[in-house]
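What follows is one structure encoded as structure tokens, with my remarks underneath.
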Amino acid sequence: MFQPVSLFIGLRYSRSSKGNAFISFISFFSIAGIAIGLMALFTVSSVMNGFENNLKTNMLGLIPHIEVDAKSQSKEAMSRIKSQLSESPAVKQVNLYRHGEAILQTNQDLHGVLLQGLYDDGSSLYNIKEKIVAGNWSLVMDENYHIAISRYLSRKLGISLGDKVRVIMPNASTYTPLGRVPSQRLFTVAALYETQSEIDMSLAFTSGYSLQRVLKLSQSVAPNLSVSLHEPFAVEQVLKSHAYIFKDVEHTDWRDSQGTLFAAVAMEKRIMSMLLGLIVLVAVFNIVSALTMMVSEKQSEVAILQTLGLTPAQVQNVFMIQGLYNGLIGTSIGALLGVLFSQYINELLNMFGINLLAGMRLPVKFDVVSLSLIAAGSIAMSFLATLYPARKAAKVNPAEVLRYE
């Protein structure tokens with residue numbers, strides 16, 4: 001099959017087993033270095049994406065992505081805003097919603113939480129139903145003064161299903177003969193949830209009507225709106241594209257409460273990727289060394305090829321193809337090993353008896369776009385590494401080289 005002469009010679013040089021053993025040794029380690037670096041990058045990127053996805057599902061699935069405050073808004077105005085937001089393709093659902101800071105008190109301990117009051121208004125209530133591990137969620141929504149807490153809080157407070165817990169609302173108060181005291185009420189634990197994230201320490205759920213009574217709010221006070229997005233990380237774009245709705249109302253989004261955590265995770269992922277990318281960069285420099293020595297060794301052959309009609313551009317292409325071949329082989333091996341290692345990382349850890357998360361499995365999520373960019377970056381660096389040695393080969397003067405041959 002016909003192929004360009006530069007490609008033919010470049011591949012022959014790349015696959016040749018004869019020649020300087022030291023050059024072959026450096027070429028091998030450049031391929032191995034790229035493969036190991038890329039495998040590490042693929043693995044770290046996939047595991048970090050898995051952690052980020054778990055956090056997004058477990059934490060952001062249980063809180064409003066955008067909360068529209070009903071302060072100074074009538075029920076009719078909030079109903080109109082809800083209808084407008086529900087029509088947006090970026091919005092997954094819009095729910096009526098209340099919340100308040102609360103203290104859960106038992107004979108054993110007390111703990112501060114954000115108590116969310118949810119309304120069963122025809123749409124699914126976040127992802128809380130999927131996180132229930134014990135009890136009956138329907139009791140929370142259908143019965144007065146029933147509450148869902150995390151399994152962590154049930155152990156900390158020493159209570160279980162059916163037990164009573166005192167809910168104290170510091171921001172709502174009642175007047176008694178003894179003076180002003182915080183509003184409080186005994187709630188029955190009807191359900192336990194678990195997300196295995198820090199949200200378990202700070203969140204509890206009840207019905208909106210029960211919370212309204214404890215907060216001493218009248219029926220005329222409109223609930224807030226909880227807006228859930230298909231993609232929580234697109235909250236900034238949603239706020240900009242719906243500025244005509246949000247400009248006249250007070251609103252907050254998930255970044256106010258959880259933004260610092262996700263920013264830290266993103267920063268850690270970038271730093272780890274950058275550090276591991278240095279492994280690939282060092283391996284790419286080996287391509288420069290190997291090609292430079294190859295050019296010096298093959299000067300007489302290059303000169304003979306030029307006398308047979310090979311142009312300087314074709315000579316340059318020969319060595320560029322040779323260097324790029326090493327980069328492609330290393331990238332292909334590294335990508336394959338990275339995908340396989342990421343896919344079976346938990347099985348491999350178990351095989352070697354390594355227990356990182358007390359029995360939990362490392363989450364893995366493959367992001368095709370980011371992995372493709374990593375592989376493309378590796379190939380691009382390999383290509384750039386060939387430019388200097390290839391240009392040096394193209395400048396070989398046949399007359400000077402063959403003068404004493």
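Position 1 is the first residue of the sequence; numbering continues from there.
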Original post:
Under the 3.5 angstrom rule, does the side chain of Ser88 hit a backbone N or O of Ala90 as a donor-acceptor pair?
Top reply: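 Checked: pair present.
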**OP:** Please say whether more than 12 non-hydrogen atoms of neighbouring residues, nucleotides or ligands are located less than 6.0 Å from CZ in Phe262.
**Re:**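 Enclosed.
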Subject >> Stepwise side chain to side chain donor-acceptor pair (under 3.5 Å) check, Asn54 with Lys365 >> reply: CA-CA 10 Å; Asn54 272 12; Lys365 181 186 178 185; over 6 Å; no
Going by salt bridge (Lys or Arg N to Asp or Glu O under 4.0 Å), name the residues that satisfy it together with [X], two or more places apart in sequence or in a different chain.
| X | value |
| --- | --- |
| Asp109 | Lys156 |
| Arg80 | none |
| Glu347 | Arg361 |

**OP:** Could you list all the salt bridge (charged side-chain N to carboxylate O under 4.0 Å, His left out) pairs where at least one residue sits in residues 214-233, not counting sequence neighbours?
**Re:**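 Checked against salt bridge (charged side-chain N to carboxylate O under 4.0 Å, His left out) - neighbours excluded - the pairs reaching residues 214-233 are Lys56-Glu231.
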**OP:** Check each of Val167, Val140, Leu211 against Ile147 using the side chain to side chain contact (heavy atoms under 4.5 Å, CB included) test, and report the only one that passes.
**Re:**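 Only one option passes, and that is Val167.
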Subject >> All side chain to side chain donor-acceptor pair (under 3.5 Å) counterparts of Thr195, not counting sequence neighbours >> reply: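 Only Ser197, Asp200 meet the side chain to side chain donor-acceptor pair (under 3.5 Å) criterion with Thr195.
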Original post:
Who are the side chain to side chain donor-acceptor pair (under 3.5 Å) partners of Ser207, not counting sequence neighbours?
Top reply: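 With neighbours one apart ignored, the set is Ser210.
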Original post:
What do the steps show when you test Asp163 against Ser160 for side chain to side chain donor-acceptor pair (under 3.5 Å), and what is the final call?
Top reply: CA-CA 6 Å; Asp163 291 341; Ser160 58; 3.2 Å; yes
Subject >> Which atom of Ile199 lies closest to which atom of Asn58, heavy atoms considered >> reply: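 Minimum heavy-atom separation between Ile199 and Asn58: CG2-O, 4.1 Å.
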